[in-house]
Amino acid sequence: MKRLNKILVPTDLSDNSRRALNYGCWLAAEDKAAIIVLHVANELSAWELHCEDLAFVGASQKVWPIDRVLAEASLDLSRFLEPHLQSLKNVPVASKRVVLGSIAQQIVAIAEEDKTDLIVMSPRRRRGLRHFLNGGVTDRVTRLSPCPVLSITAPLPSTPWRGKLAPLLLGWPRQRTAEI
């Protein structure tokens, strides 16, 4: 198996991405690899809606400077990483990056630029027409990535299916206990 030298962990600052960060830190500590924590800032954060007394008459929009958006996102990323400082200390080299742009394209661009060996992501479990048509960020990164993508998800709660689903699908007779 190929030795890991750099691991990229993109985060959206959610609890799902905490799981991917924990796993990425563990992998980096085991292989003595560098870890890069990436946060792609939201382009919509650059717009601040500002209106005077009457919104329908004098609505004006101001744009935040890009450096302010990146500074705010960097501060949010630092707050996100605070609970993980102990696990990041076990990693030989840890760095963080904040970029602005399309999420999947920026993740792939950073992976190519830094020549990462693995991307560790934690997708959200979404269903519905929107996910069916668009796919998720993890799907797009997996298709475009120059390196393997490891998807870490939370385990689903198990449901007791034994004796319920198989007889319906396969036509088996349901076993019944005899009453005495």
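From a predicted model like this one, the values you see are computed outputs, not experimental measurements. Values below: all heavy atoms of this structure, side chains included; hydrogens, waters and symmetry mates excluded.
Judged by distance alone, the side chain of Lys32 and the main-chain N or O of Pro92 form no donor-acceptor pair under 3.5 Å. A distance-only check finds a donor-acceptor pair linking the side chain of Asp139 to the backbone of Gly136 [under 3.5 Å]. At least one donor-acceptor pair closer than 3.5 Å links the side chain of Asp117 to the backbone N or O of Asn5. Side-chain atoms of Ser122 come within 3.5 Å of backbone atoms of Asn16 as a donor-acceptor pair (strictly under, hydrogens ignored). The backbone N or O of Thr11 lies less than 3.5 Å from a partner atom in the side chain of His39, making a donor-acceptor pair.
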Decide side chain to side chain contact (heavy atoms under 4.5 Å, CB included) for Val37 and Ser95; before the verdict, give the C-alpha distance in whole Å, the side-chain angles of both, and the deciding distance to 0.1 Å. CA-CA 6 Å; Val37 181; Ser95 61; over 6 Å; no

Met121/Val137 under side chain to side chain contact (heavy atoms under 4.5 Å, CB included): CA gap, chis, key distance, verdict: CA-CA 9 Å; Met121 298 181 76; Val137 173; 4.0 Å; yes

Verify side chain to side chain contact (heavy atoms under 4.5 Å, CB included) between Tyr23 and Val9, making sure each step is shown before the conclusion. CA-CA 9 Å; Tyr23 200 81; Val9 181; over 6 Å; no

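In this view, Thr142 and Thr138, Val149 satisfy the side-chain contact (heavy atoms from CB on, under 4.5 Å) rule, not counting sequence neighbours. Annotation: side chain to side chain donor-acceptor pair (under 3.5 Å) contacts of Thr116 (sequence neighbours excluded): none. Leu38 is linked by a side-chain contact (heavy atoms from CB on, under 4.5 Å) to Leu8, Val40, Arg97, Val99, Ile107, Ile110, counting only residues two or more places apart in sequence or in another chain. Annotation: side-chain contact (heavy atoms from CB on, under 4.5 Å) contacts of Glu112 (sequence neighbours excluded): Val108, Pro146.
No side-chain heavy atom of Val93 sits less than 4.5 Å from a side-chain heavy atom of Ile35. Contact annotation: the side chain of Leu81 approaches that of Lys96 to within less than 4.5 Å [non-hydrogen atoms, C-beta and beyond]. Side-chain contact between Arg140 and Gln105: absent, with no pair of heavy atoms (C-beta onward) separated by less than 4.5 Å. Using a 4.5 Å cut-off on side-chain heavy atoms (C-beta onward), Cys25 and Asn90 make no contact. Counting only heavy atoms from C-beta outward, the side chains of Ile103 and Val141 never approach each other to under 4.5 Å.
A salt bridge (Lys or Arg N to Asp or Glu O under 4.0 Å) check over residues 77-94, counting only residues at least two apart or in different chains, returns the pairs Asp76-Arg79. Legend: salt bridge (Lys or Arg N to Asp or Glu O under 4.0 Å) pairs involving residues 7-17, not counting sequence neighbours, sorted by first then second residue: Asp12-Arg124, Asp15-Arg18.
Nearest heavy-atom pair, Phe80 versus Ser17, reported as atom, atom and distance to 0.1 Å: CZ-OG, 3.9 Å. Of all non-hydrogen atoms in Ile119 and Ser145, the two that sit nearest each other are CD1-OG, 3.5 Å. Between Leu100 and Ala41 the shortest heavy-atom distance is CD1-O, 3.6 Å.
Just one of Ile152, Leu21, Asn22 meets the side chain to side chain contact (heavy atoms under 4.5 Å, CB included) condition when paired with Val120; it is Ile152.
Distance check, rounded to the nearest 0.5 Å: CG of Leu13 to CG of Leu77 gives 6.0 Å. The CG atom of Leu75 sits 12.5 Å away from the CG atom of Leu70 when rounded to the nearest 0.5 Å. Atoms SG and CG, on Cys147 and Leu118 in that order, are 6.5 Å from each other to the nearest 0.5 Å.
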